[in-house]
Amino acid sequence: MSPYAGLPSRSYWRLGVTEQHPTAPVDLYRKKFAIKPSDQIATAGSCFAQHIAKHLRLHNYQVIDKEPKPLGLAEAEASKYGYGLYSARYGNLYTTRQLLQLTLEAFGEFEPANVVWTKKDRFFDALRPSVEPNGLASEREVALHRASHLRHVADMLTSADIIIFTLGLTETWEHVASGTVYPTAPGVIAGRHDPETVRFRNLTHSECLSDFLKFREAVKQRNPRVKFLLTVSPVPLTATAGGEHVLAATLYSKSVLRGVAGELAQTCADIDYFPSYEIIASHPARGFFYEGNLRSVAAAGVSVVMKTFFEQHALAAPKAEARSSKPAPSPATAAPPKKHEELVCEEAMLEAFAQ
Amino acid sequence: MKRICLIGDSHIAALRLGWQRIRARYPEVEIDFFGGAGGKMKRLRSDKRGALVPASEELRQDILLTSGGLDRIVLADYDAFALVGMGFGLIRLFHLSKFQRTVDMIGTVQPPHLISTEVFQRACMNSLRTCRAVQIAREIRAQSRRPIVLIRQPYYSQEVLRERDRSVWNDAAVAGPKLEAEMERFIAVLEHKRAIKVAPYPEETRVERYFTAPAYASGSIRMLAGFDTLHEVGEYRHMNPLFGERVMELLLPTFGPGFAEVSGETPRLAPTLEEPDRWTSAATS
């Protein structure tokens with residue numbers, strides 16, 4: 001009797017992949033724990049995570065929004081200022097180090113260095129420079145906004161039942177003296193690059209793993225019931241400053257993150273892994289789910305990812321009508337098909353530096 | 001004879017009663033009032049054939065009541081248009097500031113959210129642009145070159161300071177100047193791009209800059225049949241007929257010389273807006 005005998009179709013490549021269509025993967029994902037209709041969900045991560053937050057909202061999940069769009073601001077404008085992308089206005093958290101750093105800072109256990117970058121006469125929060133694309137009027141204003149933001153982040157972390165985090169990159173830019181990491185290199189959105197002060201850093205598997213475990217511990221100390229759902233972004237690096245070819249650098253980054261996510265999901269009962277990376281980026285999809293630049297994920301790809309997710313995490317009932325007078329959108333009508341869903345992604349700005 | 005169409009929400013009651021007090025001084029002016037209480041004016045639609053018509057029976061009944069029997073607004077019948085309330089005014093921006101303020105608008109209470117000046121400005125502009133008064137004014141402008149004047153929603157009476165959640169009003173003096181600046185910026189754009197004017201506000205009715213004095217607030221009348229039902233005690237949103245009178249006195253000269261009082265007195269407003277050519281030239285630009 002072989003241990004492979006009697007295994008389900010999903011265990012065999014021919015049955016689980018070759019004979020399946022990439023737009024309709026069967027039994028690819030089995031949830032580790034259920035997400036209840038009442039669960040408060042926090043989302044964070046790299047650009048791709050914006051799709052997840054958006055689609056969860058459209059499907060009536062209770063996605064936390066601690067820093068909602070200001071009254072009066074048009075929807076189309078709001079995302080340009082970081083509103084509605086995630087559960088608070090932290091912008092893209094590409095790395096586990098960013099996630100850990102933000103969490104510890106929100107809990108008063110870390111003080112980042114070199115927080116304010118400038119561009120002409122405007123001041124930027126170096127840890128989330130894209131949320132105010134034109135900066136603020138003074139260093140003091142940046143500090144006040146950051147303090148307010150951190151209160152909301154702490155509130156989010158302590159009130160979430162589920163935190164969905166999309167791991168995006170291992171490459172980051174680090175303040176040499178303090179270890180503070182930034183989502184972009186100085187000089188991309190604001191600031192000035194000084195190699196003596198800020199250096200390139202490519203996080204290793206053990207560092208990413210350790211970062212996430214520390215993050216988990218910090219949150220669980222204050223919010224013991226919280227669970228985590230990890231995904232890996234299938235979006236390749238726009239550019240690498242590490243010296244390797246960008247394809248090799250991308251594969252390194254994604255392999256590390258996939259390994260970290262896998263290890264966390266295998267070893268922690270409260271951490272699930274959802275294979276969005278596999279759906280989009282693995283070779284059975286033949287690149288169909290990417291746009292012509294082989295980087296941006298097409299709406300069709302996002303649709304397959306979310307369909308696969310909702311097959312396991314379908315809500316038993318739509319959001320209570322009392323919460324909204326609008327009818328709950330059905331999956332068929334919730335997301336009007338677009339060729340490409342707009343994301344706010346400062347990493348993509350690196351393209352402008354290509355010769 | 002000049003015919004004016006005055007469209008509004010429940011604030012129209014004060015203006016209608018105020019007009020009754022002074023109409024004898026304006027024998028050459030006739031005004032039709034079209035009111036829809038609450039948010040009912042959201043259901044006023046253009047029929048694309050030169051009329052604004054109610055798209056709900058509730059609104060139709062309100063319009064019948066306030067106009068004295070008309071149930072549609074035929075734009076060609078009027079020489080000028082005025083719109084009151086319907087979200088247009090500083091009050092709307094004060095409500096925005098309840099939840100979100102810039103660092104220089106923080107008063108006695110920390111707002112739930114700090115926002116940048118840039119975001120704040122965009123929110124204010126969009127909020128005013130999408131208010132029902134401006135939307136209707138734009139619909140009229142699309143079909144008529146006649147003068148259009150907006151009348152700001154009145155400042156709340158000081159009674160509002162008795163409200164349980166009054167933080168925004170306690171801090172009115174802190175946030176107000178910045179809100180006023182945004183309001184003026186919007187008005188300038190509206191005038192320049194749409195040739196839609198805004199009537200001067202009756203300054204004598206204001207106290208502590210952002211509230212209405214009790215003399216102009218107490219005794220406000222509800223927009224109900226008979227126009228003789230008082231609002232409940234503690235009402236702070238609506239003003240009385242004396243306030244309406246002051247508003248109407250300022251409104252009419254805003255349209256131009258043909259709408260002025262026939263008493264030999266000089267109209268209160270400087271004649272800077274009395275340039276008929278500007279209405280049409282800007283409207284078509």
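Protein chains get the first letters and strands the later ones, always in sequence-line order, with residue 1 at the start of each. Not measured: the values here are computed from a predicted model.
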Flag the pair A:Y83 / B:V119 as yes when at least one side-chain heavy-atom distance between them is below 4.5 Å, and no otherwise.
yes

B:E57 CD: over 12 foreign heavy atoms closer than 6.0 Å
yes

Would you indicate whether the side-chain heavy atoms of B:V103 and A:H145 approach each other to under 4.5 Å?
yes

Can you tell me if CZ on A:R222 sees more than 12 non-hydrogen neighbours from other groups inside 6.0 Å?
yes

Taking atom CD as the centre, does A:Q221 end up with more than 12 heavy-atom neighbours from other residues, nucleotides or ligands that are less than 6.0 angstrom away?
yes

Shortest non-hydrogen contact from A:L71 toward B:A123
O-CB, 3.5 Å

So does A:R140 have more than 12 non-hydrogen atoms from other groups sitting under 6.0 Å from CZ?
no

Could you look at A:H152 and say if it's the side chain, the backbone, both or neither that has a heavy atom under 4.5 Å from chain B?
side chain

With a 4.5 angstrom heavy-atom cut-off, is it the side chain or the backbone of A:L144 that approaches chain B, or both, or neither?
both

For the interface with chain A, which of B:H113, B:M125, B:H95, B:K98 has the highest count of heavy-atom pairs at distances below 4.5 Å?
B:H113

Is it true that, when you exclude B:E180 itself, more than 12 heavy atoms of the residues, nucleotides or ligands shown sit nearer than 6.0 Å to its CD?
yes

Rounded to the nearest 0.5 Å, how far apart are CG of B:L114 and CD of A:E141?
8.0 Å

Identify the heavy atoms of A:S148 and B:P112 that sit nearest to each other, and give their distance.
OG-O, 4.5 Å

Can you pull the salt bridge (charged side-chain N to carboxylate O under 4.0 Å, His left out) pairs that have at least one residue in residues 114-128 of chain B, sequence neighbours excluded?
A:E77-B:R122

Measure B:T130 against the heavy atoms of chain A and call it side chain, backbone, both or neither at under 4.5 Å.
neither

For A:K36, look at atom NZ and say whether over 12 heavy atoms of other residues, nucleotides or ligands are found less than 6.0 Å away.
no

So CD of A:E67 and CD1 of B:I115: to nearest 0.5 Å the spacing works out to 12.0 Å

From CG (A:L73) to CG (B:L96), nearest 0.5 Å:
10.0 Å

Which portion of A:K80 sits near chain B, non-hydrogen atoms under 4.5 angstrom:
neither

Give a yes or no on this: more than 12 heavy atoms of other residues, nucleotides or ligands lie within 6.0 Å of atom CZ of B:R222.
no

